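If you're wondering where the values come from, they're calculated on a predicted model, not measured in any experiment. Only heavy atoms go into these numbers, but all of them, side chains included; no hydrogens, no water, no symmetry mates.
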Amino acid sequence: MSKTTTNLLLMLITIIAGTYFYINHCSECGTTAVEEPPIETAIPKEVASTSYPFAFSDGNFSYEINDNYNFNVSSPSILMPLANGIGTGIGQLQNYFSENTGKVINVIGYYSSEEENNTAYPNLGLARANAVKNHLVDQGIPSVHINTQSELRGEMVPKDGIFYGPVAYTIDMKSETADEELSALFDKINADPLILYFNTAEASISLDAEQRQKVADISRYIDKVADATVSITGHTDNTGLAATNMKLGLDRANFAKDYLMENGILAEKIRTFSKGQTEPLADNATEEGKAKNRRTVVTLNK
């Protein structure tokens, strides 16, 4: 083998060996490290609390301040004290209605689906609207000039557990069919009265959605009809002495009265009675029948 051939073979072996060692022992040689961007921690944005003004208008008549009636979350009770500007606005409303007897103000209570409703009304919005209505009545505005409504507001955000001004107001003409509507409401309530059931020897109340709507209907009727009253009659099963049951029936009726008063129905509008065990609705020989007899019935009087 010539010297030239030998040199070529040595060069070829060197190249092959270098390539082998490069592939197997220096896979990262000549590469540039790529740094991954740091993971940023998302910082949640603070959601601004909501606030609604005490404002109403009708043509040239208008009033607005940034304060309003305020409520704790899941509460129908107005937080006191109120801003002075609310009293000023109520005074202007009084003057307005004295000159515009055919007008009404709609009080619209807002509520959130996240709140817990422990009132006698279908939702906290209506309970808040009724609380504001009662305050307006206390300040001298006749209830015939006030309608109550509710509206679910998903965007409401409290601040420190308080909803600021979850109430809105609009002014409208009185309904031309108001008398017919009230007459129909009276018939509806008394045809299917509010009935509250009790456990044996107990006088506690837990309302379902249908019963809460009936309370709202009763409240609406007595607000609009000056001489209307509510009759509450307590009944029992035949367990125990008749005299004891007569008292228990009245206790239940008075408990229901207190409950309605707590939810805005005036005491002077409510009359309580007891029938004790004298008017059973079902057979007292069965537990099911006794349960139906332990009841309090709420009806209207014109």
Side-chain angles (χ1 to χ4, degrees), residues 69 71-78 106-137 143 146-154 156 163 166-168 181-199 202-225 228-235 251-272 281 291-292 294-301:
Y69 294 89
F71 298 83
N72 282 325
V73 172
S74 297
S75 172
S77 301
I78 298 169
N106 300 311
V107 180
I108 307 159
Y110 295 159
Y111 68 104
S112 164
S113 59
E114 301 299 318
E115 296 183 90
E116 183 178 353
N117 178 25
N118 293 314
T119 74
Y121 290 94
N123 58 66
L124 273 168
L126 195 56
R128 286 168 176 152
N130 272 275
V132 173
K133 179 259 303 180
N134 290 337
H135 183 261
L136 295 176
V137 171
S143 60
I146 310 171
N147 293 330
T148 55
Q149 303 170 20
S150 64
E151 183 178 321
L152 178 63
R153 283 270 174 146
M156 277 209 311
F163 283 124
V167 191
E181 291 170 3
L182 288 171
S183 179
L185 185 61
F186 177 89
D187 293 339
K188 172 189 172 184
I189 291 169
N190 283 354
D192 185 19
L194 172 63
I195 300 178
L196 308 172
Y197 293 98
F198 298 83
N199 293 326
E202 291 185 358
S204 61
I205 297 177
S206 179
L207 273 64
D208 59 26
E210 182 180 357
Q211 290 171 322
R212 288 179 177 184
Q213 183 57 55
K214 289 180 179 180
V215 171
D217 290 341
I218 290 169
S219 177
R220 178 188 167 202
Y221 184 86
I222 65 172
D223 275 345
K224 303 300 181 185
V225 181
T229 58
V230 179
S231 289
I232 305 177
T233 304
H235 301 264
D251 288 344
R252 288 172 175 166
N254 284 328
F255 189 93
K257 175 182 178 179
D258 291 342
Y259 187 74
L260 294 181
M261 287 169 55
E262 289 173 4
N263 285 277
I265 297 178
L266 298 176
E268 57 265 29
K269 290 279 190 176
I270 306 173
R271 300 171 182 172
T272 57
L281 190 67
K292 291 181 178 179
R294 296 189 296 266
R295 69 198 190 280
T296 293
V297 182
V298 185
T299 55
L300 287 173
N301 306 298

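- Looking at E151, its side chain never comes within 3.5 Å of a backbone N or O of G109 through a donor-acceptor pair.
- Nearest heavy atoms, S150 versus G125: CB-C, 3.7 Å.
- By the side-chain contact (heavy atoms from CB on, under 4.5 Å) test, E210 is found to be paired with D192, D208, K214, residues two or more places apart in sequence or in another chain being considered.
- Listed by chain and number, the residues in a side-chain contact (heavy atoms from CB on, under 4.5 Å) with N117 are T119, L124, R212 (sequence neighbours excluded).
- Legend: salt bridge (Lys or Arg N to Asp or Glu O under 4.0 Å) pairs involving residues 256-271, not counting sequence neighbours: none detected.
- In this structure, CD in E115 is found 10.0 Å from CG in N72, a value given to the nearest 0.5 Å.
- Taking 4.5 Å as the limit, some side-chain heavy atom of H235 sits within range of a side-chain heavy atom of V297.
- Rounding to the nearest 0.5 Å places CD1 of I232 at 8.0 Å from CG of L196.
- Within the 4.5 Å cutoff, the side chain of T296 has no heavy atoms near those of the I195 side chain.
- The line from OH of Y69 to CG of L136 is 4.5 Å long, rounded to the nearest 0.5 Å.
- Atom CG of L281 and atom CZ of R294 lie 12.5 Å apart (nearest 0.5 Å).
- Closest heavy-atom contact between A129 and V107: CB-O, 3.5 Å.
- Remark: the backbone N or O of T229 is not paired with any side-chain donor or acceptor of Y221 at under 3.5 angstrom.
- Of the N and O atoms on the side chains of T299 and N190, not one donor lies less than 3.5 Å from an acceptor on the other residue.
- Residue K224 holds its NZ atom at 6.0 Å from OG of S143, rounded to the nearest 0.5 Å.
- D187 meets the salt bridge (charged side-chain N to carboxylate O under 4.0 Å, His left out) test with no other residue; sequence neighbours excluded.
- Between N301 atom CG and I222 atom CD1 the span is 11.0 Å, to the nearest 0.5 Å.
- With sequence neighbours left out, K133 forms a side-chain contact (heavy atoms from CB on, under 4.5 Å) with N130, V137, I146, T148, S219, D223.
- Under the 3.5 Å distance criterion, the side-chain polar atoms of S74 are matched with a main-chain donor or acceptor of E116.
- The shortest distance between side-chain heavy atoms of P193 and V298 does not fall below 4.5 Å.
- Taking each heavy atom of A216 and L126 in turn, the nearest pair found is CB-CD2, 3.8 Å.
- Listed by chain and number, the residues in a side-chain contact (heavy atoms from CB on, under 4.5 Å) with P166 are F71, Y110, R128, M156, F163 (sequence neighbours excluded).
- The existence of a salt bridge linking K188 and E181 is excluded, since no basic side-chain nitrogen approaches an acidic carboxylate oxygen closer than 4.0 Å.
- With a 4.5 Å cut-off on side-chain heavy atoms, L194 and V215 count as touching.
- When all heavy atoms of T272 and A253 are compared, the closest pair comes out as CG2-O, 3.7 Å.
- L185 approaches D217 most closely through the heavy-atom pair CD2-O, 3.6 Å.
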